[in-house]
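One structure below.
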Number of protein chains: 2
Amino acid sequence: MSFLTILRQYASKTDPATLPPTVLFSHSTTTLTIFDAYPKATFHFLILPRVSPNCPSSALANLKSVLAWDKDKAKQCIRDLQSNALELRDKIEEEMMEKYGFKWDVWMGFHAVPSLEHLHLHVISSDLCAPALKNKKHYNSFHSKLGFFLHLNDVLEWFDATESHFKTMAKLEKSKYEPLLKDDLVCHRCYERQKNIPTLKTHLQSHFDKDVQKAKGKAILILKRKREDDESSDGRKDQAKKASVDQDKDS
Amino acid sequence: MSFLTILRQYASKTDPATLPPTVLFSHSTTTLTIFDAYPKATFHFLILPRVSPNCPSSALANLKSVLAWDKDKAKQCIRDLQSNALELRDKIEEEMMEKYGFKWDVWMGFHAVPSLEHLHLHVISSDLCAPALKNKKHYNSFHSKLGFFLHLNDVLEWFDATESHFKTMAKLEKSKYEPLLKDDLVCHRCYERQKNIPTLKTHLQSHFDKDVQKAKGKAILILKRKREDDESSDGRKDQAKKASVDQDKDS
DNA sequence: TATTCCGATAGTGAC
DNA sequence: GTCACTATCGGAATGAG
């Protein structure tokens, strides 16, 4: 059964540093950040709340149990995950720049109906290009517009909504969310329907390849202009060119 | 589309001898006997009515169209197939004896809902052990007790039944027969349910292997007794031993 | 919605 | 109920002193 409770085992470690470096990315007093063992995108991490006297594993079983717990503790727990996730996102964006020369979206959120025990916040890049993404459930579970992937900000907003709304959302009914995973494959970037997984994966890869090409194009453009500026003795052109490059960011 | 009408093409040949020997087994003035291209048993042939001015291909499209045709012509057509099938069965039984040392059932019949154009009578040995038998539809379509495989004798009896019964049977409604192909896998020899196709195939093979072993045992027994008789000068024992071997036939 | 393995099931294309 | 190919779907096991 250890495969179902592996995350709980990690989160229960008194010394997270004993976890292998292939598993553990970092930790704080209240959270663990681990590499997703089967990444569904170029960057894919999990952030787990650590088990402690104040945070028993029973309360941390999943998002539903956390939301049914003491509301203030729940909010604190999720905020802890958030603060770590935001730091992590910065690190991911650094690596995006180093490796790919550009940044793209990083999503933070929970699966409405998880299958592994212990709450885990997914921190995942929006490309969804990775070998471990193999079937419709994988894809739909991360589709940012489908509803199964619950964005962290949305979940945090439940706490500030009416009690009635909080209660409704906190139910996380299987019957509501599970069917979403069987929905047709629709590209989360251009909304084009895809016939099957191989087609979808090729399609997503081509979106990503275009992004990479675009970033390369801009890098070359910037380099070109920089060289022209260096060669030019006319200091007056500088400002106009800088403005032109800044505009490219939004194109 | 030639794959759908391949049998009609064969049956329309004015000179069947031009068919390759890998296809044609034999022919008469009114029928062709060909090797099933994907045999579902150790012996598996198809007998086709030949197209002629008296027997247009439109009438011979399938069993339903034949039964909707002139009733006397239909009966004659099917009787022609039968007389060839009976001869063929004799030849198959000869080869069974030569190759395996024993004979086993040979079925003659039609699929209630065929997918290849042109009437074809299956002549197939009851082992149903063959590499080309790959899925549930294959097996159920030849299961001798399921109802999808229409035994030739049963079909011929329809002609001598009441007109009402003939009309009913002649409908060959898809909605009645198609669902049978999805039935659970049940061994046609011992009625044991089989979980899946690999299991069924192993099971059928073991039935056949037992038959072969049994036949070998008898052959050895007969040989032994013959040798004893040859060595014995006592002629009185002969009759008793012959009777004993005859009894083994039914065991 | 952990993966992996096996097998059944479904759609397609075949000229 | 043609085949062969691809992909999806569905269940079961998964560990292990």
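Reckoned from all heavy atoms, side chains included, excluding hydrogens, waters and symmetry mates. To find a chain, count down the sequence lines: A is the first, B the second, and so on, and within it residues start at 1.
- Atom P of D:dC5 sits at a distance of 13 Å from the matching atom of C:dC15, rounded to the whole Å.
- Rounded to whole Å, atom C1' of C:dT4 lies 14 Å from atom CG of A:L4.
- Taking side-chain N and O atoms only, A:K137 has no distance below 4.0 Å to OP1 or OP2 of D:dG10.
- Looking at heavy-atom distances under 4.0 Å, A:Y177 makes no contact with the nucleic acid at all.
- B:F3 qualifies as a stacking partner of the C:dA14 base, centre to centre under 5.5 Å and near-parallel within 30°.
- A sub-4.0 Å separation between OP1 or OP2 of D:dA7 and a side-chain N or O of A:K134 is absent.
- The number of heavy atoms from other shown groups lying within 6.0 Å of NZ (B:K174) does not exceed 12.
- Considering only side-chain N and O atoms, B:K136 lies nowhere under 4.0 angstrom from the phosphate OP1 or OP2 of C:dA10.
- In this structure, B:I197 reaches the sugar-phosphate backbone alone: every heavy-atom distance under 4.0 Å involves primed, P, OP1 or OP2 atoms, never a base.
- You'll find the ring centres of B:W107 and B:F142 outside the 6.0 Å limit.
- Residues A:K195 and B:N196 each lie close to DNA chain C; by heavy-atom proximity, the contact nearer the 5' end of the strand is made by B:N196.
- As rounded to whole Å, 15 Å separates atom C1' of D:dA7 from atom CG of A:L133.
- Atom CG in A:D183 sits about 16 Å away from atom C1' in D:dT8, given to the nearest Å.
- Rounding to whole angstrom units, CD of residue B:Q9 and P of C:dA14 are separated by 18 Å.
- For B:P198, the side-chain atoms get nearest to C:dA8 when compared with the rest of C:dT4, C:dA8, D:dT8.
- Between the side chains of A:H188 and A:Y139, at least one donor N or O lies within less than 3.5 Å of an accepting N or O.
- One can place CG of B:L181 at 15 Å from C1' of C:dA8, the figure rounded to the nearest angstrom.
- Rounded to whole Å, atom P of C:dA8 lies 12 Å from atom CG of B:N140.
- Checked against the 6.0 Å centroid criterion, the rings of A:F148 and A:H111 qualify as a close aromatic pair.
- Among the protein residues, B:H120 comes within range of the sugar-phosphate backbone only, with heavy atoms under 4.0 Å from sugar or phosphate atoms but none that close to a base.
- Across every strand in view, C:dC15 sits unpaired, with no contact that passes the Watson-Crick or G-U test at under 3.5 angstrom.
- Residue A:K201 contributes atom NZ, which lies 16 Å from atom C1' of D:dT6 at whole-angstrom precision.
- For the pair B:K167 and B:E163, the salt-bridge criterion is met [side-chain N within less than 4.0 Å of a carboxylate O].
- Each of A:H138, A:H122, A:H120 was scored for a ring pair (Phe, Tyr, Trp, His ring centres under 6.0 Å) with A:H44, with one residue passing: A:H122.
- In the set C:dA8, D:dG15, D:dA4, the nucleotide with an atom closest to the side chain of A:S2 is D:dG15.
- At whole-Å resolution of the value, CG in B:L200 and P in C:dA8 are 10 Å apart.
- Between A:K182 and D:dG10 there is a side-chain N or O to OP1 or OP2 distance below 4.0 Å.
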